[in-house]
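Working notes, beginning with the structure itself.
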Number of protein chains: 2
Amino acid sequence: MARLSSDERRARLVQAALRVIDRDGVQGATTRAIVAEAGMSLASFHYAFRSRDEMISELIAFVVENEQQVSLAAVRPGTDIRTAVRAGLQAFFELLVSNPTREQALFELMHYSLRTPELSELPRAQYASYFRVARVLLDSGAATAGVTWSLPIDELARILIAFTDGLTLAWLADRDDAAAAVVMDFAADTISALAVPIRTKEHQR
Amino acid sequence: MARLSSDERRARLVQAALRVIDRDGVQGATTRAIVAEAGMSLASFHYAFRSRDEMISELIAFVVENEQQVSLAAVRPGTDIRTAVRAGLQAFFELLVSNPTREQALFELMHYSLRTPELSELPRAQYASYFRVARVLLDSGAATAGVTWSLPIDELARILIAFTDGLTLAWLADRDDAAAAVVMDFAADTISALAVPIRTKEHQR
DNA sequence: GTCTATACACCGATAGAC
DNA sequence: GTCTATCGGTGTATAGAC
């Protein structure tokens, strides 16, 4: 293996670990499996990272950092807010269907972190990241639809994430697409019901 | 160790495994840890079960079977439907707060099963059990409040479970009680909005 | 039936040659 | 810096004494 900078080696190992976790779960992501995936020797792993948990920690930080671009593209200008929310949920659902093991891996990483004392604070950051993405989507959706939210955006973001988590888990368990659509319809109905039209200057009524 | 019938030994090992999983997660539930918890020798485990996964399978079947009595007691006669739904959610939440690792363990069991080919059908049964409990609660709540549901009970049950899963995961991550209350309020509002009063014979309007 | 002892694979981590 | 070889520990599962 060619000589790599420390940062480059760490990044390659994290990317390899993500592929292994996606394929075999957090449990399958042993140091040996990761270096095999990265095409490195076992010793290289512990040259780059002090321990496996240190790598997991960096991996979660990477995942949390690179999650913004999820489905911002789904926000189309000119649509009403109910349609916009439903489209965002649909975009997320199609991401889930096309890559179920990846969504499962995110849950597994959370549970692993909660059981590992040195990593137990990471899930807080993970969900803070989810909430941030949800806030951005709700904000931009409201802006293009010309509405504001009657609930604080923080509360609304948490409700939206509760819906996506809830529908994801049930779908992973029974793969019922139609049932997932029912939950998404309900979520779009109830969330968009909290939107109020922006009162313009010409006193519309 | 005294001689035990095969069923009794299996049952004791499952109970011990549940305690270990609760304490240390599915990963910590090794055969050695389980027999230590049960006060048996290692060989006894493989005398009772052909493999660890066979025991996990029986353990999940046990959990799924014994989940009905969760919070049926929370349904009080004479309350309106919004109050009844909110009280049911509160009862679940207090169960979660008083025993967070147990709720986490149920998620971990699901993810482990999904990654294990021989167990991959178990999550379907696990969620079917959740939905069944939700249906019973929604039915009895509607009966005491004198309403019916304007959505099929199956769909409503799935929505309720999505709420409990979603609020559980976020709470496990950041332990924000106030934020959980917001989600529960929203769930109670939107679910009870789907209740319609039963029209009595004297043509009430 | 229940035990101790052990087989065998794999784990994270490190030593030391190059 | 990168490798091979190996350490000490633990995993599931089994053999064989009692």
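A note on names: the letters A, B, ... follow the listed sequences, proteins ahead of strands, and every chain is numbered from 1.
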Exercise. Side chain of B/Glu103, backbone of B/Leu172: donor and acceptor closer than 3.5 Å?
Worked result: no
Seminar exercise, completed: Across all chains, not counting sequence neighbours, the side chain to side chain contact (heavy atoms under 4.5 Å, CB included) partners of A/Gln90 are A/Arg86, A/Phe93, A/Glu94, A/Met184
Seminar exercise, completed: Nearest heavy-atom contact between A/Arg135 and A/Ala157 is CG-CB, 3.6 Å
For this session: Calculate the interatomic distance between A/Leu42 atom CG and C/dG12 atom P; express it in whole Å.
Result: 8 Å
Exercise. Within less than 4.0 Å of OP1 or OP2 of C/dG1, is there a side-chain N or O belonging to B/Arg9?
Worked result: no
For this session: Could you tell me whether B/Ser44 contacts a base, only the sugar-phosphate backbone, or nothing, with contacts defined as non-hydrogen atoms closer than 4.0 Å?
Result: sugar-phosphate
Exercise. Is there a donor-acceptor pair closer than 3.5 Å between any side-chain N or O of A/Ser51 and the backbone N or O of A/Glu54?
Worked result: yes
Seminar exercise, completed: Here the distance between atom P of C/dC3 and atom CE of B/Met40, to the nearest Å, is 8 Å
For this session: Measure the distance from CD on B/Glu118 to C1' on D/dT12 and round it to the nearest whole Å.
Result: 14 Å
For this session: Verify the distance criterion only: is there a donor paired with an acceptor across the side chains of B/Ser44 and B/Ser41 at less than 3.5 Å?
Result: yes
Problem set entry | Listed partners of B/Leu42 passing side chain to side chain contact (heavy atoms under 4.5 Å, CB included), at least two apart | B/Thr31, B/Arg32, B/Val35
Exercise. Taking atom P of C/dC10 as reference, at what distance in whole Å does atom CG of A/Asp24 sit?
Worked result: 14 Å
Problem set entry | Listed partners of B/Phe186 passing ring-ring contact (aromatic ring centres under 6.0 Å, His included), at least two apart | none
Exercise. For DNA chain D, what residues of residues 25-32 of chain B have any heavy atom nearer than 4.0 Å?
Worked result: B/Thr30, B/Thr31, B/Arg32
Problem set entry | For atom CD of A/Glu8 and atom C1' of D/dG1, their distance in whole Å | 15 Å
Problem set entry | Those residues that, when tested against A/His46, pass ring-ring contact (aromatic ring centres under 6.0 Å, His included) (two or more places apart) | none
For this session: Please report, rounded to the nearest Å, how far the P atom of D/dG1 is from the CZ atom of A/Arg10.
Result: 14 Å
Exercise. Any sub-3.5 Å donor-acceptor pair from A/Ser140's side-chain atoms to A/Val136's backbone N or O?
Worked result: yes
Problem set entry | Whole-Å gap separating P (C/dC11) and CD1 (A/Ile34) | 10 Å
Seminar exercise, completed: Under a 4.0 Å heavy-atom cutoff, the residues of residues 45-57 of chain A touching DNA chain C are A/His46, A/Ser51, A/Arg52
